[in-house]
Amino acid sequence: MTDITTRPLKRSDKPAWLELWAAYLAFYEQELAPEVTESLFERLLSDAGHSACVAVQGDKLVGLVHYLFHDSTWSTSSTCYLEDLFVSENLRGGGAGRKLIEAVYQAATDEPSASGKVYWHTHDHNTRARQLYDRIGVLSDFVRYDRP
């Protein structure tokens, strides 16, 4: 088996990224208009807002992570929000998710305006991912609310 590596998303990754993105949306039972996906891909490649890394095994994309830095009212430094993380189902538990999170940790460390802090959310029923999150992160006491 070829080792899994991470790297920034490239424009040439679009077809494989679209497959992973569709699988991620299906996992969370979400549908987005095509223009939302197109806009997201363009933002991921721009210097404004979101950033992305992919996990690669050989020459195949097997995972993705999207993240962004934002201001905080509790600090003079920005904070990093890991917004989306997905690994191909047949490779879960093989280290790709950890490597993608560690890539975001490194980006947060390297960002001059950032505090180095990284946070993310997941569904409480996402037990497989939470096994990794419990090893690589700290479960927050915060409870999230959404507008009805």
Side-chain angles (χ1 to χ4, degrees), residues 1-70 72 77-144 146:
M1 182 189 296
T2 306
D3 287 334
I4 295 171
T5 60
T6 61
R7 62 166 171 77
L9 179 70
K10 300 186 293 192
R11 184 162 298 283
S12 60
D13 293 328
K14 188 173 184 179
W17 176 88
L18 283 168
E19 286 182 30
L20 290 169
W21 181 242
Y24 175 75
L25 293 175
F27 177 82
Y28 280 112
E29 300 176 353
Q30 298 296 311
E31 291 185 28
L32 296 177
E35 61 268 18
V36 174
T37 293
E38 185 63 31
S39 172
L40 171 61
F41 188 77
E42 292 304 318
R43 281 183 284 135
L44 293 171
L45 295 175
S46 76
D47 290 332
H50 286 82
S51 296
C53 286
V54 292
V56 181
Q57 184 178 48
D59 61 354
K60 181 177 168 79
L61 264 60
V62 298
L64 60 80
V65 67
H66 304 151
Y67 59 98
L68 65 113
F69 293 96
H70 65 84
S72 170
S77 302
S78 61
T79 299
C80 183
Y81 176 49
L82 188 161
E83 190 165 4
D84 306 307
L85 175 68
F86 184 78
V87 172
S88 296
E89 187 171 355
N90 62 331
L91 291 174
R92 292 183 189 152
R98 175 183 285 273
K99 287 183 178 187
L100 287 164
I101 293 170
E102 288 173 347
V104 174
Y105 283 179
Q106 190 61 54
T109 298
D110 293 346
E111 174 59 40
S113 68
S115 64
K117 292 182 181 178
V118 178
Y119 72 101
W120 64 94
H121 301 102
T122 193
H123 281 265
D124 62 346
H125 63 73
N126 193 358
T127 54
R128 183 136 189 211
R130 291 185 67 191
Q131 290 173 358
L132 169 62
Y133 302 162
D134 288 343
R135 289 191 305 272
I136 199 166
V138 176
L139 181 62
S140 167
D141 291 333
F142 281 89
V143 176
R144 176 184 153 161
D146 294 317

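Along the sequence shown, the residues carry numbers beginning at 1.
Summarising the geometry of Ala103 relative to Thr6, their closest heavy-atom pair is CB-OG1, 4.0 Å, with the distance given to 0.1 Å. Between Trp120 and Gly137, the shortest heavy-atom distance links the atoms CH2-CA, 4.2 Å. Closest heavy-atom contact between Ser140 and Phe142: OG-N, 2.9 Å. Residues Ala52 and Leu44 come closest through the heavy atom pair CB-CD2, 3.8 Å. Contact detail for Glu83 and Leu68: the closest heavy-atom pair is OE1-CD2, 3.4 Å. Considering all non-hydrogen atoms of both residues, Gly94 and Ile4 come closest at O-CD1, 4.3 Å.
Asp84 and Tyr28 share no side-chain donor-acceptor pair at under 3.5 Å.
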Could you pull out every donor-acceptor pair under 3.5 Å between side chains of residues 106-118 and any protein atom, sequence neighbours left out?
residue: Gln106; atom: NE2; partner: Asp110; partner atom: OD1; Å: 2.8
residue: Gln106; atom: NE2; partner: Asp110; partner atom: OD2; Å: 3.4
residue: Thr109; atom: OG1; partner: Tyr105; partner atom: O; Å: 3.1
residue: Glu111; atom: OE2; partner: Ser113; partner atom: OG; Å: 3.0
residue: Ser115; atom: OG; partner: Ser78; partner atom: O; Å: 3.2
residue: Ser115; atom: OG; partner: Lys117; partner atom: N; Å: 3.2

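Contact of the Tyr67 side chain with the Leu100 side chain is not registered, since no non-hydrogen atoms from C-beta on lie closer than 4.5 Å. Annotation: side chain of Asn126 is in contact with side chain of Phe27 (closest heavy-atom distance under 4.5 Å). Residues Leu61 and Arg7 form a side-chain contact, since some pair of their non-hydrogen atoms from C-beta on lies under 4.5 Å apart.
Judged by distance alone, with hydrogens and angles left aside, the side-chain atoms of Arg128 form a donor-acceptor pair with the main-chain N or O of Arg92 at under 3.5 Å.
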Apply side chain to side chain contact (heavy atoms under 4.5 Å, CB included) to residues Glu42 and Ser46 and explain how you reach the verdict.
CA-CA 6 Å; Glu42 292 304 318; Ser46 76; over 6 Å; no

Does the pair Lys10 and Val54 meet the rule for a side chain to side chain contact (heavy atoms under 4.5 Å, CB included), with working shown?
CA-CA 9 Å; Lys10 300 186 293 192; Val54 292; over 6 Å; no

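The CH2 atom of Trp21 lies 13.5 Å from the NZ atom of Lys14; values are rounded to the nearest 0.5 Å. Leu132 contributes atom CG, which lies 10.5 Å from atom OG1 of Thr122 (distance to the nearest 0.5 angstrom). Within the model, atoms CG of Leu9 and CG of Leu45 stand 5.0 Å from one another, a figure rounded to the nearest 0.5 Å. Taken to the nearest 0.5 Å, the CG atom of Leu20 stands 11.0 Å off from the CG atom of Leu25. Note that the OH atom of Tyr133 and the CG atom of Leu82 stand 7.5 Å from one another [nearest 0.5 Å]. How far CH2 of Trp17 is from OG of Ser12: 14.0 Å, rounded to the nearest 0.5 Å.
Screening His50, His70, His121, His66 against Tyr81 for a side-chain hydrogen bond (donor to acceptor under 3.5 Å, both in side chains) leaves a single residue, His121.
Few gaps surround CD on Glu35; more than 12 heavy atoms of other groups in view lie less than 6.0 Å from it. Heavy-atom contacts from other residues, nucleotides or ligands closer than 6.0 Å to CG of Asp146 number more than 12.
Counting only residues at least two apart or on different chains, the salt bridge (Lys or Arg N to Asp or Glu O under 4.0 Å) pairs with a member in residues 94-105 are Arg98-Glu102.
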